[in-house]
Amino acid sequence: MNPLLEKRKNIIIVVMIFFMAIYVIKLFSLQIIEKGYKEDAIRNAIREINVIPPRGLIFDRNDSLIVYNEAAYDLMVIPKEMKEAIDQGAIFDTLDLCHVLDIPIEEFIKRIEKAKAYSPLLPSVFAQQMSKEDYGFLQEKLYRFPGFFVQNRTLRHYPIPVAAHILGYIGEVNDEQIRKDSYYQMGDYIGISGIEKSYEEELRGVKGKRMVLVDVNNREKGPYKNGDEDIPAEPGQDLWCTIDVELQKFGEKLMSNKKGSIVAIEPQTGEILCIVSTPSYDPNLLVGKARSKNYAKLLMDSINVPLYNRALKAMYPPGSTFKLANGLIGEQEGVLTRNTVYSCGAGYSIGNHIVHCHGCGSINLVQAVQRSCNTYFCRAFYNTVSNSRYKSIQDGYLAWKNHINSLGFGQKFNTDLPYESSGIIPSVEYFNKKYNGHWNGNSIVSMGIGQGEVGSTPLQMANFMAIIANRGWYYKPHVVKAIGAKNKPNTRYNEKIYCDIEQRHFDAIIEGMLCVVTSGTGRSAKMDDIVIAGKTGTAQNPHGADHSVFACFAPAKDPKIAVFVLVENGGFGASVAAPIASLIIEYYLHREIKRTDLEERMTSLKLIR
Amino acid sequence: MFGHSHTTVHKGFDNVLIILYGILVLIGWLTIYSTSYKPGSDFELFSLNTYYGRQLIWILISVATAIAILLIDNKLIQTYAYPIYIFFLLLNILVLFLGTEISGAKAWIKIGSISLQPIEFAKFATALALAKLFSESKTSSEKKMIWIYAFILILIPAGIALLQDDTGSALVFFSFIILFYREGFSPFIIFLGFLAILLFIFTIYFNELYTITFLVIALIISFFINNDKKYITRNILVFIGSIILIFAVNYAYNDILQPHQRQRIDTILGKSVDPKGADFNLNQSKIAIGSGGFFGKGYLKGTQTKLNFVPEQRTDFIFCGIGEEWGFLGCVALIAIYLALIIRLITQAEKQRNAFVRVYGYGVASVFFFHLFVNIGMTIGLMPVIGIPLPLISYGGSSLWGFTILLFIFIRLQYNNN
């Protein structure tokens, strides 16, 4: 034994311990001093997955469900899982799967290749929105198709296919919406129009969070901490809208094969009972996978323009119904009382131009409304804007404009209705420019009878009827009654707005409107048991036959409904719009139609091909 | 036999080594179970479908082998040391032609569903051959040649391992230099070896000019420390050799190595950061160990190792599983158990009067220490990523079997010798 070499044993042991001590120091640094690794580990292995709550349901004013969520089933595939299973000897009956899905084998291969190209490890949609039947059938044998699974998603469904414009639709968010609101992420759905858009925040609910473990390939491997840190999603709030869906359906039926609009409002509340714009479309068309295709088709239909909401967007010359407003303003401005008599020969002449009339003789305000006398209202309008109280025509016009604005014309209501138009009530500056500063009451006198540079939407006209029914006030027209629960009223639009026409001035106008129906131009709206106050109109249309217009409310003593009907190219107000309005009133107040022959006649009337 | 008073008399096998062996194998199996554990999945103990099931079968095979070794006649092992060595070398050469390629290395024999890596058995075979060499060289001419023979004995299996594309195992055979040192090998030559490695690293990490400047300063300092003429000549020779080596390394690195090999060396040396590529594995390994903290996340509660963030989490990087779930405490305990085993081996070897047993004991200690040193060093970023298993713990039949044989031959030898 060499004692020198035996000493080397100790050197070896000391060196070994020395190196291991270095390791322990390094471990101490890694595990105790450096703090970032714990967060790195969490970032590595834990993913937050958003839980999308179910979107709120929509009911009508009588609790009928009009929008709900329907489960749809997407068949998903993870190509790698499928391949691994086949490699391990699993029997994968491709033909059977093709048979269930009713696709040829080439299509199967194409879809798998596409999924692989997207990601072999992440799920891709293999078959979108399978029917319930296919899903039920497939579920039984899904275990035989490794790598495939079914993902539920919800689609909006409209059991009664009406009110498409008002209900709107939802679609996937775009980049800009994601940028604007951090709530949204790629693939989320958002309301794009109608109630779906204006009540997006209420309907969508609040997303929840689920924490899951993922492996290095980002595959889900189960809940993190048994889901203790998950945040459940809050379901969207249900909405009750003001729409009476049966009335809406009836209105759409009456308007079939016609272009035009019906707007009915409950005067006491401003609640819109029905809002029809035709031609319309089945809201179910804009759901799910067929949405973009159908949307393009609707968008391309330049003849019927079904996506265009006439009730809110179309600006029509209001025609004779506007005479009521001018009557009210004349009274308020003191140029007119119910006893003011003007005589009508053949019309109202301005220089060598003449506004024709039928020769009504000497009539007062009530009679003028009853007969829709052009001469009377031209003079009333002229006297209003050219009143000697005002220093200039500009001041006189401005006074008139303020009144007409207070009656809801020339401005948007900005309520929960999407994409309203403000209509047209020109400014003083507009006329100053047009007439080079030299203008007088006669320059613009056609506005007195609702023609010329004035435009209003059907909604504004219906609201005007509600103002008359209420004798001077209104609530902004809106479509949502309650949010979250039926007894939680929507408080956004409960401000009572008074127009600047005194209550007493309405008597003569309403009396005239009663006469219109009993013995005037609107006799076609007359009913035995309901007293209607109305006004016909015939809006001149330079492009073809005149638009038939009727505005009214009923019952006259205790108004429950204000209605405005416009049928494009329908001719005189009395011929189409008035009967339709009376049918709407009859249906709303009685829930049944006795005049079935009239209903049949109006429904079958075809004004478009 | 004489000298009973010199050492403690053992009335049996060394229980300490057997118990330490048992503890390590148990830790290994529990960690393998944890890295494959999925909440809710069935517990299949003896199933070939699970890693822990397969490892358990290997443990049983290893225990049976250990018992068999303890029953073998001691003389037989000593007599047939060279034939055993030659047999396993031939087997490894055979693998080069008939072997199966698994993860880049053509180092496996496939028998049915079992894959074996014969290089693991070359380790104990080489230790036996070295024991035979050092215990039987008696004449002075033999003593002069002994280091050459010794290096031949380790270079052959190392060369075969390199041909099998198994760099890690090739390096393992150089661990026997520890044994050589104990048997009298010159520390100066070992110093030269380490100097060469240091110069290699310096040249690549900085550049040849910095390294030469550093060497010149070292040389000048050496003149002041020891101005004996003999040493000055020697130091100058070392200096010149170093300069040649620096240029050789520089040339090899820039002109011979493939870009991906260069990248790997750079990453190992921390010269370049490549978080997605070569550095990714090391980074994930550090995250797993680092996130364990002081007490660890608890058994079966690790995420990084279970969810495949750590590469090779059952084999070469199994230490990550221990670091993540048992924390600093567990890591230190594991290192302590290994050190206890190795020190026990060395002290027991030193007590032997039979040189064969002593040399073999040192061989076992050398191999264990080298594996421990490289494997743990790799997972914590102090060593390059060289794929060798953590002894008795890493998943894999050949490795467990090989280490069991390696250890139990010593247990058998030292029993007989006492």
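Labels below follow one simple rule: chain letters A, B, ... track the order of the sequence lines, proteins then strands, and each chain is numbered from 1. Owing to the predicted nature of the structure, the values given are computational and were not obtained by experimental measurement.
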Query raised in the report: Heavy-atom distance under 4.5 Å to chain B: side chain of A/Ile33, backbone, both or neither?
Result: neither
Report task. Against chain B, label A/Leu27 side chain, backbone, both or neither, depending on which of its atoms sit under 4.5 Å from a heavy atom there. Result -> both
**Report entry** OH (A/Tyr68) with more than 12 external heavy atoms under 6.0 Å
**Finding:** yes
Query raised in the report: chain A heavy atoms under 4.5 Å from B/Phe185: which part of the residue, side chain, backbone, both or neither?
Result: backbone
Query raised in the report: Are more than 12 heavy atoms from other residues, nucleotides or ligands located less than 6.0 Å from atom CZ of B/Phe188?
Result: yes
Query raised in the report: Given side chains that start at C-beta, do those of B/Tyr362 and A/Ile12 come closer than 4.5 Å, heavy atoms only?
Result: yes
Query raised in the report: Side chain of A/Glu6, backbone of B/Glu350: donor and acceptor closer than 3.5 Å?
Result: no
Can you list, pair by pair, the side-chain donor-acceptor contacts under 3.5 Å of residues 292-299 of chain B, counting residues two or more places apart and other chains?
unit_1   : atom_1 : unit_2   : atom_2 : d
B/Lys297 : NZ     : B/Ser291 : OG     : 2.9
B/Lys297 : NZ     : B/Glu324 : OE2    : 2.6
B/Tyr299 : OH     : B/Leu30  : O      : 2.6

Query raised in the report: Roughly how far, to the nearest 0.5 Å, is the CD atom of A/Glu34 from the CD1 atom of B/Ile289?
Result: 11.5 Å
**Report entry** CA sep, side-chain torsions, deciding dist, call: B/Lys306, A/Leu213, side-chain contact (heavy atoms from CB on, under 4.5 Å)
**Finding:** CA-CA 10 Å; B/Lys306 261 183 265 308; A/Leu213 289 170; over 6 Å; no
Requested in this report: Report the relative orientation of the aromatic rings in A/Tyr23 and B/Phe373; use parallel for angles under 30°, tilted for 30 to 60°, perpendicular for over 60°.
Outcome: parallel
Report summary line: Highest number of heavy-atom pairs under 4.5 Å with chain A among B/Leu382, B/Ile343, B/Ile335, B/Ile376 belongs to B/Leu382
Query - Close side-chain approach of B/Lys286 to A/Asp40, heavy-atom, < 4.5 Å - result: no
Query raised in the report: Where do B/Gly184 and A/Leu5 come nearest, in terms of heavy atoms and distance?
Result: CA-CD2, 3.4 Å
Query raised in the report: What closest approach, in Å, do B/Ala365 and A/Met16 show between heavy atoms, and which atom pair accounts for it?
Result: O-CE, 4.4 Å
Query - Residues forming a side chain to side chain donor-acceptor pair (under 3.5 Å) with A/Lys180, sequence neighbours excluded - result: A/Glu176
Query raised in the report: What is the minimum heavy-atom distance between A/Arg8 and B/Pro187, and which atoms define it?
Result: NH2-CD, 3.3 Å
Requested in this report: Measure distances from B/Ile287 to the heavy atoms of chain A and classify the residue's part below 4.5 Å as side chain, backbone, both or neither.
Outcome: both
Query raised in the report: Non-hydrogen atoms of chain B under 4.5 Å away: do they reach the side chain of A/Lys26, the backbone, both or neither?
Result: side chain
